[in-house]
Amino acid sequence: QVQLVESGGGLVQAGGSLRLSCSASGRTFSTYGMGWFRQAPGKEREFVAAINWSGSSTLYADSVKGRFTISRDNAKNMVYLQMNSLKPEDTAAYYCAATQSSIWLQMRRYDYWGQGTQVTVSS
């Protein structure tokens, strides 16, 4: 079992930065791939970024590539999403999730989800 809790969201001006954190409670955290998804009001939840169990491989949505960086610290049971050059279009609730699948783009492959943290980017 894995429990995930996101933090670090808030209000930031366009062009600014935020770092989201996801704290995992499971002892087997290091065996899971981790992903970040986001959902804006009236929109479907969408993939943002993912990282494999060792941190050696990452994947980003085209909309955030070059601006966002996903990382993990297995010793601390933590996953991070560094968000730079934020745009109003990035405004959404951000969720971290854990998967044992290599298919990272599909939400149904993730077994555990956090409660979400709100990111609001003002223009």
Q. Any donor-acceptor pair under 3.5 Å linking the side chain of N74 with the backbone of N77?
A. no
Q) At their closest point, which heavy atom of I51 faces which heavy atom of W104, and how far apart are they? A) C-CH2, 3.8 Å
Q: Treat each ILVMFWY residue as a node, draw an edge where side-chain heavy atoms are under 4.5 Å apart, and state whether L18 and Y95 are in one component.
A: no
Q. To the nearest 0.5 Å, how far apart are CD in Q82 and CD1 in I70?
A. 12.5 Å
Q) Can you tell if the side chain of V12 reaches within under 4.5 Å of the side chain of M83, non-hydrogen atoms only? A) no
Q | Contact check, side chains of Q118 and T91, non-hydrogen atoms, under 4.5 Å | A | yes
Q: Find out if a path of hydrophobic residues (ILVMFWY) with successive side-chain heavy-atom gaps under 4.5 Å connects L4 to Y80.
A: no
**Q.** Qualifying residue, where the test is side chain to side chain contact (heavy atoms under 4.5 Å, CB included) with V48 and the options are L20, L59, V64, D90
**A.** V64
Q.
If I compare all heavy atoms of R72 with all of Y32, which pair ends up nearest, and what's the gap?
A. NH1-O, 2.7 Å
Q.
Looking at Q115, is its backbone amide N or carbonyl O close enough to the side chain of E6 to form a donor-acceptor pair, meaning the two atoms are under 3.5 Å apart?
A. yes
(Q) Using side-chain heavy atoms (C-beta onward) and a distance below 4.5 Å, is W113 in contact with M107? (A) yes
Q: Work out which heavy atom in V79 is nearest to a heavy atom in W36; give both atom names and the distance.
A: CG1-NE1, 3.6 Å
**Q.** Approximate separation, where rounding is to 0.5 Å, of Y112 OH and C22 SG
**A.** 13.5 Å
**Q.** For the student: nearest non-hydrogen atoms of M78 and S21, plus distance
**A.** CE-CB, 3.7 Å
**Q.** Under 3.5 Å: donor-acceptor pair, side chain of T99, backbone of R109
**A.** yes
**Q.** Closest heavy-atom pair and its distance - L105, F37
**A.** O-CE2, 4.3 Å
**Q.** Distance, nearest 0.5 Å, that separates CG of D111 from CD of Q1
**A.** 9.5 Å
Q.
I need the minimum non-hydrogen distance between Y94 and L81, along with the two atoms involved.
A. CD2-CD2, 4.1 Å
Q: Kindly compute the distance separating SG (C96) from OH (Y110), expressed to the nearest 0.5 Å.
A: 11.0 Å
**Q.** E89 side, atom CD; S123 side, atom OG - distance, nearest 0.5 Å
**A.** 9.5 Å
Q.
Other residues, nucleotides and ligands only: do more than 12 of their heavy atoms fall within 6.0 Å of CD on Q3?
A. no
Q. Do Q100 and W53 touch side chain to side chain, with heavy atoms closer than 4.5 Å?
A. no
Q) What distance separates E46 CD from Q39 CD, expressed to the nearest 0.5 Å? A) 9.5 Å
